[in-house]
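As structure tokens, the structure follows; a few thoughts come after it.
Each chain gets a letter, A, B and so on, in the order the sequences are listed, and its residues count up from 1.
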Amino acid sequence: MNDFTNRVREVVSRIPRGKTMTYKEVARQAGRPLAHRAVGNILSKNYDSKVPCHRVIRSDGQIGNYNRGGAEQKAKLLRLEQGLK
DNA sequence: ATAATGACGTGAT
DNA sequence: AATCACGCCATTA
């Protein structure tokens with residue numbers, strides 16, 4: 001858990017509230033445009049509250065999964081942050 | 001060190 | 001629209 005993981009965390013932690021990013025984008029920003037799969041894996045094991053992993057969604061617009069309450073909680077949080085009801 | 005896994009993505013069926 | 005299969009990569013077992 002070094003370079004990539006660290007970069008991913010950094011990028012994700014920089015996602016502003018009320019905004020979302022796709023795994024692909026994160027991977028690209030992290031320097032590994034094709035490692036979107038790994039991004040998910042890393043985030044899935046990431047329990048750091050400093051990293052708003054719930055801001056990361058799929059490219060197809062799907063919510064994706066979440067290790068802290070499931071997609072439900074994730075969608076809920078996003079809905080909340082975005083100020084939408 | 002090697003094999004399996006998964007919070008993905010895209011194209012094909 | 002839904003499902004299937006394959007690719008891609010770091011992490012984990």
Side-chain angles (χ1 to χ4, degrees):
Chain A
M1 133 250 269
N2 278 312
D3 294 328
F4 193 60
T5 311
N6 230 328
R7 290 235 303 294
V8 169
R9 281 185 175 182
E10 204 175 276
V11 172
V12 175
S13 57
R14 269 173 197 153
I15 302 177
R17 178 180 175 285
K19 243 197 124 165
T20 61
M21 215 167 195
T22 72
Y23 293 95
K24 205 168 141 186
E25 284 296 305
V26 172
R28 187 161 62 106
Q29 297 298 313
R32 293 287 182 288
L34 306 183
H36 45 79
R37 235 328 175 127
V39 172
N41 237 345
I42 291 164
L43 291 179
S44 68
K45 308 290 190 302
N46 177 63
Y47 272 75
D48 193 332
S49 44
K50 302 290 173 254
V51 179
C53 21
H54 62 267
R55 305 254 174 88
V56 184
I57 63 178
R58 296 186 47 145
S59 313
D60 340 12
Q62 297 301 118
I63 286 300
N65 224 322
Y66 193 48
N67 64 6
R68 209 162 179 221
E72 284 289 313
Q73 189 63 20
K74 186 170 175 181
K76 199 171 170 186
L77 285 170
L78 288 174
R79 201 162 18 110
L80 214 61
E81 289 184 353
Q82 280 174 128
L84 185 63
K85 174 164 51 62

Walking DNA chain C from its 5' end, the first of A:Asn6 and A:His36 to be reached, judged by nearest nucleotide, is A:His36

Rounded to whole Å, CD of A:Gln62 lies from P of C:dT3 at a distance of 12 Å

Is it the case that the base of C:dC9 and the side chain of A:Arg37 share a donor-acceptor contact (distance under 3.5 Å, atom types as modelled)? no

Open item on the list: Does any part of the side chain of A:Met1, heavy atoms only, come nearer than 4.5 Å to the side chain of A:Arg9, both counted from C-beta?
Closed with: yes

By nearest-nucleotide position on DNA chain B, the 5'-leaning member of A:Lys45 and A:Lys24 is A:Lys45

Rounded to whole Å, CD1 of A:Ile42 lies from P of B:dC8 at a distance of 13 Å

A:Glu25 atom CD is separated from B:dG9 atom P, nearest whole Å, by 10 Å

note: A:Asp3, atom CG; C:dC9, atom P; distance rounded to Å ~ 16 Å

Does A:Phe4 reach a base, just sugar-phosphate, or nothing at all? Heavy atoms under 4.0 Å. sugar-phosphate

**Asked** Contact class for A:Ala38 vs. all strands (heavy atom < 4.0 Å): base, sugar-phosphate, or nothing?
**Response** base

Task: CZ (A:Arg32) with more than 12 external heavy atoms under 6.0 Å - done: no

Rounded to whole Å, the CG-P distance (A:Asn67 to B:dA7) equals 9 Å

Here the distance between atom P of B:dC8 and atom CZ of A:Arg58, to the nearest Å, is 5 Å

Closest of C:dC9, B:dA7, B:dG9 to the A:Leu34 side chain is C:dC9

Between CG of A:Asp60 and C1' of C:dT3 the distance, given in whole Å, is 14 Å

Hydrophobic clusters here meaning ILVMFWY residues chained together by side-chain heavy-atom distances under 4.5 Å, can you tell me if A:Leu43 and A:Met21 are in one?
yes

Any side-chain heavy atom of A:Asn46 sitting closer than 4.5 Å to one from A:Val12?
no

Task: From CA spacing to verdict: side-chain contact (heavy atoms from CB on, under 4.5 Å), A:Lys24, A:Arg58 - done: CA-CA 8 Å; A:Lys24 205 168 141 186; A:Arg58 296 186 47 145; over 6 Å; no

Closest to the side chain of A:Tyr66, out of B:dA7, B:dG9, B:dG6, is B:dA7

query: Within the structure, does a side-chain N or O atom of A:Arg32 lie under 4.0 Å from either OP1 or OP2 of C:dC9?
result: no

Taken to the nearest whole Å, CZ/A:Arg68 to P/B:dA7 is 17 Å

